[in-house]
Asker: 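I am attaching a structure below and will ask some questions about it afterwards.
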Amino acid sequence: MQQFPFGVVIHGGAGDLARYSTTNRLSEAEVFLSQLVDSLYTSLDQGASALDVVTQAATALEDSGLFHAGKGSSPTSAGYVELDASIMEGNTLRAGSVAAVREVRNPILAARHVMESTNHVLMVGAEADALARNAGLETVDTSWFSPCDVSAGAWQVPDNSSTGTVGAVALDVKGNLCAATSTGGTLYKRAGRVGDSPIIGAGTYARNTVAAVSCTGVGEYFIRESAAYQVCSRVQLLGENILAASGYVMSQIDKLGGSGGMIAIDSRGAFAMPYSTTGMYRAARNSVGNRIVACL
Ligand code: ASP
């Protein structure tokens with residue numbers, strides 16, 4: 001009999017996914033997300049830590065090339081990628097992030113390295129790449145990236161639209177909550193621009209006994225609402241459930257004129273996946289028998 005609840009939620013970004021409904025892109029993504037969420041669930045069931053599971057999730061999503069993060073990232077207006085990522089563990093409130101990295105293959109591993117091996121939370125640019133390289137993390141050159149949005153032509157429009165980012169939140173059998181987020185940023189973003197994904201409290205937050213949250217969307221609005229932290233605060237201080245808290249924060253982002261989505265899980269394994277775009281790549285599974293895989 002299951003004694004402690006556990007669960008995992010993953011996303012591959014929110015955006016105008018309805019425009020892909022006549023292609024096989026959504027079904028391809030669903031197959032990938034479905035297999036990934038089941039393997040992450042099995043890892044948790046076998047006792048893996050939430051920290052390892054969100055790391056494993058974000059790394060797989062980055063490497064898939066299916067989403068606008070890691071391999072699938074589109075270039076900035078300057079013609080090269082600039083990637084952001086962050087990770088947070090809810091039992092210690094330790095956190096690590098990198099912003100505007102261009103060489104490290106898996107920005108989420110660089111973020112975890114910042115968290116575990118430095119006294120810092122956020123490292124940026126060439127120094128963050130150097131830190132990752134010196135730690136032995138794999139680096140790649142420009143030719144390795146294969147922008148997932150080029151075929152749609154979308155990346156050529158500097159419209160601050162969002163269609164990417166990957167993330168994961170997990171609750172392990174010990175009650176630890178963790179969150180991870182990784183992105184290539186908004187499409188064709190201005191070089192040097194940094195969104196919410198590497199900002200602890202905006203794109204990512206986790207606190208044990210409360211919740212873990214990972215966001216996606218036009219990051220400027222998520223920063224202004226301290227979105228991920230705000231969800232956790234509403235659960236912790238107002239006693240709202242995860243659906244109400246995440247729904248409220250999304251409505252505030254909507255009022256500002258922003259759009260996107262988020263995934264969140266609480267300390268009982270209940271999860272929420274609200275979004276205000278036409279779709280969000282998402283999958284979730286918990287130990288009380290809930291399992292969802294969807295795009296639209
Ligand atoms: N939130 C990301 C950013 O603003 C983009 C996205 O999720 O699509 O950089």
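All values reported here derive from a predicted model rather than from experimental measurement. This chain uses plain numbering: 1 for the first residue, then up along the sequence. Counting starts at 1 for both ligands and their atoms, following the listed order.
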Asker: With atoms numbered from 1 as shown, which atoms in ligand 1 lie under 4.0 angstrom from a non-hydrogen atom of T165?
Answerer: 1 (N), 2 (C), 5 (C), 6 (C), 7 (O), 8 (O)

Asker: Are the side chains of R193 and T76 in contact, using a 4.5 Å heavy-atom criterion?
Answerer: no

Asker: Can you tell whether the side chains of R112 and E116 come within less than 4.0 Å, N to carboxylate O?
Answerer: yes

Asker: Between K174 and D172 (salt bridge meaning N to carboxylate O under 4.0 Å), is one present in this structure?
Answerer: no

Asker: Can you confirm whether F271 sits close enough to V8 that some side-chain heavy atom of one is under 4.5 Å from a side-chain heavy atom of the other?
Answerer: no

Asker: Taking only heavy atoms of D196 into account, list the atoms of ligand 1 that are under 4.0 Å away from them.
Answerer: 1 (N), 2 (C), 3 (C), 4 (O)

Asker: Tell me whether V218 has any N or O atom under 3.5 angstrom from an N or O of ligand 1.
Answerer: no

Asker: Compute the shortest N/O to N/O distance between T216 and ligand 1 and return yes if it is under 3.5 Å, no if not.
Answerer: yes

Asker: Distance check, rounded to the nearest 0.5 Å: D141 atom CG versus R102 atom CZ?
Answerer: 11.5 Å

Asker: Taking the non-hydrogen atoms of G13, is any one of them nearer than 4.0 angstrom to ligand 1?
Answerer: no

Asker: Atoms of ligand 1 less than 4.0 Å from S197 heavy atoms?
Answerer: 1 (N), 2 (C)

Asker: Within the structure, does R193 bring an N/O atom to less than 3.5 angstrom of an N/O atom in ligand 1?
Answerer: yes

Asker: If I apply the N/O under 3.5 Å rule, does G217 come out as touching ligand 1?
Answerer: yes

Asker: Between Y275 and R282, is there a cation-pi geometry (under 6.0 Å to ring centre, at most 45° from the normal)?
Answerer: no

Asker: Check this for me: E127, atom CD, are more than 12 non-hydrogen atoms of other residues, nucleotides or ligands nearer than 6.0 Å?
Answerer: no

Asker: Which of the atoms of ligand 1 are close to G185, meaning less than 4.0 Å from one of its heavy atoms?
Answerer: 5 (C), 9 (O)

Asker: Within the structure, does T183 bring an N/O atom to less than 3.5 angstrom of an N/O atom in ligand 1?
Answerer: no

